[in-house]
Amino acid sequence: MTRLTLGMIFLAFLVTFVACNAPPVPLDDIIIEKTFTPEQCGRVVKTGDYVRYHYNGMFPDGKKFDSSYDRGSTYNVFVGRKQLIEGMDRALLGMCVNERRLVKIPPQLAYGKDGYGDIIPPDSILHFDVLLLDIWNPDDKVQIDAYYKPEKCGRTVEVSDFIRYHYNGTLLDGTLFDSSHTRMRTYDTYVGIGWLIAGMDQGLLGMCVGERRIITMPPFLGYGENGDGSDIPPQASLVFDVVLLDLHNPKDEITVETQFLPDPCPRKSEIGDFMRYHYNGSLLDGTFFDSSYSRNRTYDTYIGKGYVIAGMDQGLLGVCVGERRKITIPPHLAYGEEGTGSKIPGSAVLVFDVHIIDFHNPSDTVQITSVKPELCSPNAKRGDYVKYHYNASLMDGTYLDSTLSYGKTYNVVLGAGQIVPGMEEGMIGMCVGEKRRLVVPPHLAYGERGVDGEVPSSAVLVFEIELMELEEGLPEGYMFVWNGDVSPDLFIEMDKNKDEQVDPTEFSDYILRQVDEGKGRLAPGFDQHRIIESMFDNQDRNKDGRITEEEFKLKADEVAAHDEL
């Protein structure tokens with residue numbers, strides 16, 4: 001190896017050594033390297049904007065001279081108002097929130113030949129690693145992005161409304177500072193009367209129940225220069241992702257939407273009526289809280305008398321049987337500020353989808369609708385034996401029973417308590433061939449108990465009746481009458497074996513013979529043998545199973561007999 005070659009190698013080594021330790025090359029202007037750019041950038045920094053950012057300040061050799069992170073607070077400043085070194089004023093322009101930049105600033109755009117005390121020497125090039133967290137402008141207003149709106153919106157939030165809503169609250173960089181969801185409880189408040197920060201008061205106006213909004217507000221409409229003292233820093237823009245669940249006004253009354261109205265409607269409900277109805281109950285946002293259908297039983301109550309919440313008391317008045325209504329009830333007419341403590345929150349508006357099954361009044365009588373034949377005589381009365389067909393149902397049409405399913409008539413004695421009182425009452429005066437529709441209130445049917453598994457409690461019943469046959473009964477109180485004059489030798493005729501006493505067989509044979517020969521009549525519709533046994537017992541004074549002539553007396557001699565013997 002020659003001397004010349006060795007000299008060249010040494011020179012190259014020297015050049016390399018000097019280059020590694022050479023002073024920084026002077027800059028003519030700032031140099032910006034974007035180390036992270038967010039996918040979405042709705043807004044960039046402009047002159048006059050106020051920004052909050054974090055930074056690390058370094059010399060070109062990497063030595064740190066300042067850091068906002070070390071102080072635990074962002075740097076907050078107006079851009080373009082000479083509150084920053086000129087290079088930083090330029091470097092921040094065009095930045096997005098969450099963007100990160102490495103900025104190199106020459107001394108003439110930083111602290112120049114004078115430097116900055118003992119921290120920054122004269123003619124220093126400065127490097128800043130900047131992360132932008134917030135932008136706003138004094139001219140900013142509340143920004144609203146309604147990213148979901150329900151198809152139906154009957155009403156929107158107005159000043160002085162009381163609302164319930166959920167929210168997530170974040171800073172502009174996405175940092176979560178609060179959420180009603182994590183507390184599992186809505187935020188409940190009046191709107192527009194100063195109970196909220198100004199930006200939220202503005203941002204909630206015009207919302208529909210179910211609507212979702214992002215409300216962005218500058219700090220002067222949020223928590224301003226001081227923040228909230230904990231999670232919200234000073235001069236922070238706020239972003240609220242809000243879903244509205246409920247709204248009402250203290251002046252609200254119930255609202256009623258008729259979804260189905262039967263025709264005809266012969267009667268509408270009034271105060272004091274007893275009603276059976278089905279319902280689905282939900283909150284205003286559709287959250288289900290109760291249903292009579294799930295219990296497979298109607299809700300039964302008096303209306304207008306305080307047995308149910310005030311709004312329901314009002315909403316059930318003036319309805320028809322079979323009507324379907326949607327009743328919306330503000331909280332002051334429902335469960336108020338406290339709710340029920342479980343399924344119904346405090347200050348909740350309630351929505352009831354109601355189907356009216358039936359109603360009646362304790363003073364109601366049987367309602368009769370009749371279609372009569374041209375000749376309508378005789379007319380049924382108490383004691384008559386009638387044969388008829390019927391269909392029985394509830395007021396909503398629910399099938400209960402029908403003689404058609406048996407293929408034979410139903411046979412009863414009117415006034416004998418063999419059918420419900422309302423049906424007996426409704427059949428009085430019918431003639432053969434007549435058809436009647438009877439609407440029978442429960443106190444004249446099966447009452448509060450109903451019939452287990454068949455007739456619900458307190459149910460109004462509907463009977464479609466056709467009278468097929470009618471046999472005239474005996475006068476009230478009589479089980480047997482003579483069609484003609486009574487034989488003066490009645491006892492002798494009964495005493496077949498002439499032992500001067502009549503036994504049950506002799507008595508029964510004689511009465512049945514009189515009936516067969518048309519000389520007497522037994523009350524129709526009853527067991528003949530039981531009637532005759534009762535007649536015999538009535539004559540057997542000493543209850544020895546025999547009737548003597550002395551015991552035997554005519555009906556006319558008895559004060560309260562029930563036959564003519």
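Checked options Tyr307, Tyr277, Phe359; the residue passing with Tyr299 is Tyr277 (criterion: ring pair (Phe, Tyr, Trp, His ring centres under 6.0 Å)). Checked options Asp300, Asp358, Asp396; the residue passing with Arg276 is Asp358 (criterion: side-chain hydrogen bond (donor to acceptor under 3.5 Å, both in side chains)).
At least one cation-pi condition fails for Lys408 and Tyr406: the charged atom is not both under 6.0 angstrom from the six-membered ring centre and inside a 45 degree cone around its axis.
Note on Glu323 versus Lys268: no salt bridge recorded, every NZ/NE/NH1/NH2 to OD/OE distance being 4.0 Å or above. Under the 4.0 Å criterion applied to side-chain N and carboxylate O atoms, Asp540 and Lys543 are not assigned as salt-bridge partners. A salt bridge is defined here as a Lys NZ or Arg NE, NH1 or NH2 lying under 4.0 Å from an Asp or Glu carboxylate O, and Arg267 with Asp364 meets this definition. For Arg295 and Asp290, the salt-bridge test passes: some basic side-chain N is under 4.0 Å from an acidic carboxylate O. For the pair Arg437 and Glu464, the salt-bridge criterion is met [side-chain N within less than 4.0 Å of a carboxylate O]. Note on Asp313 versus Lys305: no salt bridge recorded, every NZ/NE/NH1/NH2 to OD/OE distance being 4.0 Å or above.
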inquiry  = Walk me through whether Arg546 and Glu551 qualify under salt bridge (charged side-chain N to carboxylate O under 4.0 Å, His left out).
reply    = CA-CA 9 Å; Arg546 297 288 187 271; Glu551 290 176 308; over 6 Å; no
Worked verdict on Ser180 versus His166 for side chain to side chain donor-acceptor pair (under 3.5 Å) = CA-CA 6 Å; Ser180 63; His166 270 304; 2.7 Å; yes
task = Could you walk me through whether Ser370 and Glu434 pass side chain to side chain donor-acceptor pair (under 3.5 Å), step by step?
result = CA-CA 7 Å; Ser370 177; Glu434 184 177 350; 2.5 Å; yes
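Using modelled atom types and a 3.5 Å distance limit, the side chains of Asp188 and Ser347 yield no donor-acceptor pair.
Checked against the 6.0 Å centroid threshold, His278 and His355 do not count as a close aromatic pair. Residues Phe463 and Tyr388 keep their aromatic ring centres 6.0 Å or farther apart.
With values rounded to the nearest 0.5 angstrom, Ile214 atom CD1 is found 5.0 Å from Asp241 atom CG. If you take CD1 on Ile428 and NZ on Lys381, they are separated by 9.5 Å, rounding to the nearest 0.5 Å. To the nearest 0.5 Å, atoms CG (Asn249) and CZ (Arg155) are separated by 6.0 Å. One finds the CZ atom of Phe240 at 8.5 Å from the OG1 atom of Thr170 (value rounded to the nearest 0.5 Å).
The list of disulfide (SG to SG under 2.5 Å) pairs with a residue in residues 308-349, not counting sequence neighbours, reads Cys265-Cys320.
The minimum heavy-atom distance linking Glu493 with Lys496 is given by the pair O-CE, 3.9 Å.
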